[in-house]
Amino acid sequence: MTYDVIVVGSGAAGLTAALTLAEQVNVLVIAKGSLTGGSTAWAQGGIAAVLDAGDTFANHIRDTMVAGAGLNRRETVEFVIERAPEAIDRLIALGVPFNTVSAAEGPDNLHLTREGGHSHRRIVHVDDATGWAVQAALLRAAEAHPNITLKPGQACIELVTGRNEERYSGSGRVWGVYALDEASGRVEAHTARATVLATGGAGRVYQFSTAPRGATGDGIAMAWRAGARVGNMEMMQFHPTCLYNLEVKNFLITEAVRGEGGRLINPRTGKRFMEVYDERLELAPRDIVARAIDSEIKRFGLDYVHLDISHMPAEFVRGHFPTIYEKLLGLGIDMTVQPIPVVPAQHYTCGGIMIDRDGRTDLPGLYAAGECTESGLHGANRLASNSLLECFVFGEAAARHILAHWDGFDPPPPIKPWDESRVSNSDEEVIIKQNWTEIRRFMWNYVGIGRTTKRLERAQHRINMLFGEVEDYYGQFRVTTDLIELRNLLQSADLIVRSALARHESRGLHYTLDYPMSAAIAKDTVLMP
Ligand code: FAD
Ligand code: SIN
């Protein structure tokens with residue numbers, strides 16, 4: 001079926017793009033699994049925007065560049081940060097019920113919380129479940145829009161390009177996607193004049209991650225295979241405070257807990273330890289706090305460290321963090337009187353598909369926005385709560401560019417159907433599970449918070465072996481979502497390791513014992529297909 005524009009992904013970036021596009025053209029939004037399965041619905045802390053009288057764009061820009069260790073593109077940082085207040089206004093208009101400081105409602109009254117690396121209070125939020133409120137408001141608006149068709153349960157396999165035209169052109173022009181209908185098991189070509197990838201990050205490449213199950217780097221891998229460049233994939237962000245619990249493996253404890261006074265304590269010594277690592281203490285940028293926790297855990301042979309906010313009044317804690325409070329209480333931890341056991345876990349993919357300020361990728365007809373991209377905003381380490389913001393700004397920028405150049409977008413030519421003539425149903429699903437587990441383990445152990453060339457090379461060696469096995473399987477058997485994800489997970493792991501091996505310095509999130517210093521000039525790691 002042909003639409004004007006296809007948006008892959010129904011998170012903050014995808015739905016923002018769709019709502020803007022729908023002002024003038026018809027849009028198909030597809031998502032694997034449910035429409036709320038991306039990271040957006042899971043976001044806790046909030047959205048960064050300069051809204052306080054004492055704050056300035058210059059401050060937010062400086063904080064973003066300091067966290068990003070100078071690898072950010074300054075024009076992009078300015079572009080995004082200056083558009084933040086408008087983005088918040090649009091969300092308020094869509095009905096997002098941001099917390100206010102008093103009973104009087106209104107944008108001037110928004111409650112601003114604080115997170116690591118921010119020199120001011122500037123995070124707007126809906127309690128400690130901001131993402132869910134944002135996802136719900138965007139989805140309500142998209143469902144109500146006559147120009148938007150929403151299709152969950154569609155797992156994209158590959159981009160449709162000139163190579164798939166019935167009259168083969170071999171051009172890199174992108175005409176849509178081949179997607180597996182997860183209910184029927186059939187693969188369909190969805191074509192359009194333009195395609196926007198908003199497929200989120202690749203966090204699930206790591207054994208411990210705060211990201212949802214579907215964060216397998218699909219968009220990044222598809223764009224790469226179709227010929228687009230990717231950048232800075234070695235810059236994987238680890239959140240310092242994921243709950244340590246043997247049953248619940250990926251529950252985030254928002255940075256706002258530290259922003260509102262939470263302290264990190266070594267459970268062996270009973271002492272606050274951040275003063276040894278950084279003068280900003282618990283509110284240093286994430287890479288520094290995560291490395292400090294990792295170092296305490298390794299030095300003292302601990303399983304976790306403690307995050308303690310029990311010195312604050314119980315009413316204040318329950319009022320600010322109702323979701324976390326309830327969740328922990330269900331696990332037998334009362335955070336108003338007890339410390340919370342925490343460990344670092346993968347949290348955010350800073351690198352991705354290279355885009356310009358209009359969300360254009362290298363491939364004609366293909367745009368991208370949100371966590372799957374390398375826009376230049378985050379540099380070597382994302383400043384907390386800047387990523388939802390990036391989704392709103394780039395989702396809109398990509399859509400506006402498509403609309404402004406609409407006459408230049410040809411309708412898609414006839415496209416060959418997906419070829420299943422040489423595959424059969426799999427009788428060896430165990431290979432998929434085994435390979436998923438293996439990749440996630442060696443990525444955690446060899447390509448984690450602290451790296452060495454030797455460990456990266458070991459990871460590369462395993463990736464090369466697995467490539468043969470996975471491609472062989474892919475060539476023989478009918479696709480399933482698990483297989484699509486495994487293939488993309490492996491591709492993402494490869495891009496991360498190759499980028500990490502190419503960076504001969506330590507900067508931001510990439511810390512290697514073999515090159516502990518930062519080079520004089522900050523340079524992107526850009527991989528060419
Ligand atoms: P997502 O919201 O992840 O959506 C991806 C979409 O793509 C989904 O609809 C998915 O189904 C679809 N998709 C993926 N692959 C395919 C495929 N092959 N075929 C079809 N569809 C596909 N950021 C902040 O700024 N503030 C916060 O407070 C914050 N808290 C966070 C808390 C947690 C626990 C996590 C995990 C992240 C948090 N982040 C936060 C980061 C932020 O949530 C994400 O960066 C952001 O939501 C990404 O949005 P997105 O639209 O790019 O992708
Ligand atoms: C958090 O709430 O700590 C997450 C914020 C973010 O990832 O930006």
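Below, each value reflects all heavy atoms present in this structure, side chains not excepted, and no hydrogens, waters or symmetry copies. No experiment lies behind these values; they were computed from the predicted model shown. One-based numbering, in listed order, for ligands and for the atoms of each.
Heavy-atom distances between Thr130 and ligand 1 stay at or above 4.0 Å for every pair. In this structure, Arg382 counts as a contact residue of ligand 1, since one of its heavy atoms falls inside 4.0 Å of the ligand. For Ala155, the closest heavy-atom approach to ligand 1 falls below 4.0 Å.
In Thr210, the parts holding a heavy atom less than 4.0 Å from any atom of ligand 1 are both the side chain and the backbone. If you look at His125 next to ligand 1, there are no close heavy atoms at all, none under 4.0 Å. With a 4.0 Å heavy-atom cut-off, ligand 1 is reached by the backbone of Ser385 and by its side chain too. In Asp218, the part holding a heavy atom less than 4.0 Å from any atom of ligand 1 is the side chain. Here Glu390 has no heavy atoms under 4.0 Å from ligand 1, in either its backbone or its side chain.
There is no side-chain donor-acceptor pair under 3.5 Å between Tyr348 and Arg382. With hydrogens and angles left out, the side-chain atoms of Arg114 and His118 include no donor and acceptor closer than 3.5 Å. In this model, a donor atom of one side chain and an acceptor atom of the other lie less than 3.5 Å apart for Glu115 and Ser385. Side chains of Thr216 and Lys32: a donor-acceptor N/O pair is present below 3.5 angstrom, by distance only. Using modelled atom types and a 3.5 Å distance limit, the side chains of Asp482 and Thr480 yield no donor-acceptor pair. If you check the side chains of Thr210 and His347, you find a donor sitting under 3.5 Å from an acceptor. For the residue pair Arg225 / Gln491, no side-chain donor-acceptor distance below 3.5 Å is found, with atom types taken as modelled. Between the side chains of Gln237 and Asn381, at least one donor N or O lies within less than 3.5 Å of an accepting N or O. Ser499 and Asn232 share no donor-acceptor pair across their side chains, judged by distance under 3.5 Å alone. Using modelled atom types and a 3.5 Å distance limit, the side chains of Asp128 and Thr254 yield no donor-acceptor pair. Between Thr323 and Gln44, the side chains place no donor N or O within less than 3.5 Å of an acceptor N or O (distance only, hydrogens not considered). Looking at Thr113 and Glu260, their side chains do bring a donor and an acceptor atom within 3.5 Å of each other. Checked by atom type, the side-chain pair Glu182/Thr481 shows a donor-acceptor distance below 3.5 Å.
Annotation for Arg213: atom CZ counts as buried by contact number, over 12 foreign heavy atoms lying within 6.0 Å.
When hydrogens are left out, the protein atom nearest atom 25 (O) of ligand 1 is Leu388 N, 2.9 Å; that is the closest non-hydrogen contact. Nearest protein heavy-atom contact of atom 37 (C) of ligand 1 is His347 CE1, 3.6 Å. Looking from atom 12 (C) of ligand 1 to the surrounding protein, the closest heavy atom is Gly9 CA, 3.7 Å. Closest to atom 50 (P) of ligand 1 among all protein heavy atoms lies Cys391 SG, 3.9 Å. From the protein, the heavy atom lying nearest to atom 43 (O) of ligand 1 is Ser39 O, 3.5 Å. At the shortest separation from atom 2 (O) of ligand 1 among protein heavy atoms lies Thr40 OG1, 2.5 Å. The single protein non-hydrogen atom nearest to atom 11 (O) of ligand 1 is Lys32 O, 3.2 Å, given as residue, atom name and distance. In this structure, the protein non-hydrogen atom closest to atom 14 (C) of ligand 1 is Thr199 O, 3.4 Å.
The aromatic ring centres of His190 and Tyr3 sit 6.0 Å or more apart. Taking the six-membered ring for Trp and the full ring otherwise, the centers of Phe321 and Phe316 sit at least 6.0 Å from each other.
When heavy-atom distances to ligand 2 are checked against 4.0 Å, the residues falling inside are Gln44, Gly45, Glu115, His239, Leu252, Thr254, Glu255, Arg286, His347, Arg382, Ala384, Ser385, ordered by chain and number.
The salt bridge (Lys or Arg N to Asp or Glu O under 4.0 Å) search around Glu296 returns Arg299, not counting sequence neighbours.
Compare Pro152, Ser387, Ala43, Gly46 by their heavy atoms: the one nearest to atom 26 (N) of ligand 1 is in Gly46. Distances from atom 6 (C) of ligand 1 to the heavy atoms of Gly33, Ala198, Gly14 show the closest one on Ala198. Comparing heavy-atom distances from atom 4 (O) of ligand 1 across Ala13, Ala41, Gly38, Cys372 singles out Gly38 as nearest.
Of the protein's heavy atoms, at least one falls inside 4.0 Å of atom 41 (C) of ligand 1.
Listed by atom number, the atoms of ligand 1 under 4.0 Å from Gly370 heavy atoms are 52 (O). Close approach to Ala31 involves these atoms of ligand 1, each under 4.0 Å from a residue heavy atom: 9 (O), 11 (O), 20 (C), 21 (N). Below 4.0 Å from some heavy atom of Tyr348 lie the following atoms of ligand 1, by number and element: 45 (O). Heavy-atom proximity to Gly200, at under 4.0 Å, picks out these atoms of ligand 1: 3 (O), 5 (C), 52 (O), 53 (O). Residue Ala211 approaches ligand 1 through these ligand atoms, each under 4.0 Å from one of its heavy atoms: 36 (C).
Checking only distances, Gly45 does come within under 3.5 Å of ligand 1, N or O to N or O. Residue Glu371 has at least one N or O atom closer than 3.5 Å to an N or O atom of ligand 1. Residue Pro212 has no N or O atom closer than 3.5 Å to an N or O atom of ligand 1. The shortest N or O to N or O distance between Trp42 and ligand 1 is not below 3.5 Å. Distances between N or O atoms of Ala12 and those of ligand 1 include at least one value under 3.5 Å. Looking at Ser10 next to ligand 1, an N or O pair under 3.5 Å apart turns up.
For Asn488 (side chain) and Ala221 (main-chain N/O), no donor-acceptor pair under 3.5 Å exists by modelled atom type. Listed for the Glu255 side chain is no donor-acceptor partner under 3.5 Å among the backbone atoms of His239. Side chain of Arg122 to main chain of Leu112: no donor-acceptor pair is present (N/O by atom type, distance under 3.5 Å, no hydrogens or angles).
For the pairing with Phe208, the ring-ring contact (aromatic ring centres under 6.0 Å, His included) check across Tyr244, Trp444, Phe238 returns one residue only, Trp444.
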